Amino acid sequence: MSADLVLMELTEPSESGGRTAVITVNDPDRRNAVTDAMSAQLRTAVDAAEADPSVHAVVVTGAGKAFCAGADLSALGAAAEEGLLRIYDGFMAIAGCSLPTIAAVNGAAVGAGLNLALAADVRIAGPHAVFDARFQKLGIHPGGGATWMLQRAVGPQVARAALLFGMRLGAEDAVRHGLALSLAEDPLAAALEMTEGPANAPREVVLATKASMRATCHPGEQDTEVHESAMRIELGPQAASIRSPEFQERLRWAMKH
């Protein structure tokens, strides 16, 4: 990976030889806002981790103070359905990853950044983590399977509070509602400590266990299929909301300020 919008580093091998791939979204001056280019590089990093037989787990985090501040507004404002799919592709790669994944949420996870965190199997919140759907405040429909991912993570009531009423969750509330597994002063260090488990297990057992959990979460369907279906359900309404004069006016104001 080039040291550009996404970085990937491998930890030292465990006693059993397994490693963890640490994937960092890396545009701190723009609070790691998602662009097509970042999304494509994130997909490439996930593919590289899956293709490396020494990698047994993946941790995703953000450079600087934010985890990911959502989609770049200029890219979002110009996006039709195909453009939205390109923006989604990075976190969909995390969602579809065959390896165990942890999001080390070091700061704000907003909109598409919340989707990136939700796409991981486990989330660990740092003390400054904020989980903010933000879609309604922007005047756009949720996308990327957010409605399904949030309901899966926290249940219908909290998901509706976030998506219909704009509720934001700080680190402690995220843990209390099950959105994050735990609160850690250093979420990346805590995530890496967790990945010692799969790093010391046979890779084929790790992969098979995650595959079985996907198949048994919704008997008869893979959870990746359910996520894909939810993303497709949301795609049309989100694209329509982005094309609306109201959102375009909000966007013009935001770009000026």
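Predicted model, so just to flag it, every value in this text is computed and none were measured.
For Asp4 and Gln41, the side-chain atoms include at least one donor-acceptor pair closer than 3.5 Å. Remark: the Glu234 side chain and the Tyr88 side chain contain no N/O donor-acceptor pair separated by less than 3.5 Å. Using modelled atom types, one finds a donor on one side chain and an acceptor on the other under 3.5 Å when comparing Asp52 with Ser54.
Of all non-hydrogen atoms in Glu221 and Val226, the two that sit nearest each other are OE1-CG2, 3.9 Å. When all heavy atoms of Gln248 and Ile242 are compared, the pair lying nearest together is NE2-O, 2.7 Å. For the pair Pro198 and Pro100, the tightest heavy-atom approach, listed with the atom from each and the gap, is CB-CG, 4.4 Å. In plain terms, the two heavy atoms of Met8 and Ala45 that are nearest each other are SD-O, 3.4 Å.
Remark: Ser39 OG to Phe91 CZ distance equals 7.5 Å, nearest 0.5 Å. Remark: Gln136 CD to Leu163 CG distance equals 8.5 Å, nearest 0.5 Å. Taken to the nearest 0.5 Å, the CD atom of Glu82 stands 12.0 Å off from the CD1 atom of Ile87.
Checking side-chain atoms of His177 against main-chain N and O of Ala153 turns up no donor-acceptor pair under 3.5 Å. Without hydrogens or angle criteria, Glu50 side chain to Cys97 main chain gives no donor-acceptor distance under 3.5 Å. In terms of modelled atom types and a separation under 3.5 Å, the side chain of Ser16 and the main chain of Gly18 share no donor-acceptor contact. Side-chain N or O atoms of Asn32 include one that pairs as donor or acceptor with a backbone N or O of Asp27 at under 3.5 Å.
Take Arg176 and apply the salt bridge (charged side-chain N to carboxylate O under 4.0 Å, His left out) test, not counting sequence neighbours, and it matches Asp173.
Remark: Arg31 CZ is loosely packed, at most 12 non-hydrogen atoms of other residues, nucleotides or ligands lying under 6.0 Å away.
In this structure, Asn106 and Lys65 have side chains that are not in contact, with every pair of non-hydrogen atoms separated by 4.5 Å or more.
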Worksheet item: Step by step, would you call Asp121 with Thr101 a side chain to side chain donor-acceptor pair (under 3.5 Å)?
Response: CA-CA 5 Å; Asp121 296 315; Thr101 54; 3.2 Å; yes
Fill in: Chi angles and distances behind the side chain to side chain contact (heavy atoms under 4.5 Å, CB included) call for Thr35, Arg30
CA-CA 11 Å; Thr35 59; Arg30 299 174 63 256; 4.1 Å; yes
Discussion item. As a quick check of understanding, evaluate salt bridge (Lys or Arg N to Asp or Glu O under 4.0 Å) for Asp132 and Lys137, giving each step before the final call.
Written reply: CA-CA 10 Å; Asp132 183 0; Lys137 187 173 182 180; over 6 Å; no
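Hydrophobic cluster membership is shared by Phe135 and Met167, with clusters built from Ile, Leu, Val, Met, Phe, Trp and Tyr side chains linked at under 4.5 angstrom. Following chains of ILVMFWY side-chain contacts shorter than 4.5 Å, one cannot reach Leu183 starting from Leu192, and the two form parts of different hydrophobic clusters.
Considering Arg86, Arg232, Arg243 as possible partners of Glu81, the one that fulfils the salt bridge (charged side-chain N to carboxylate O under 4.0 Å, His left out) test is Arg243.
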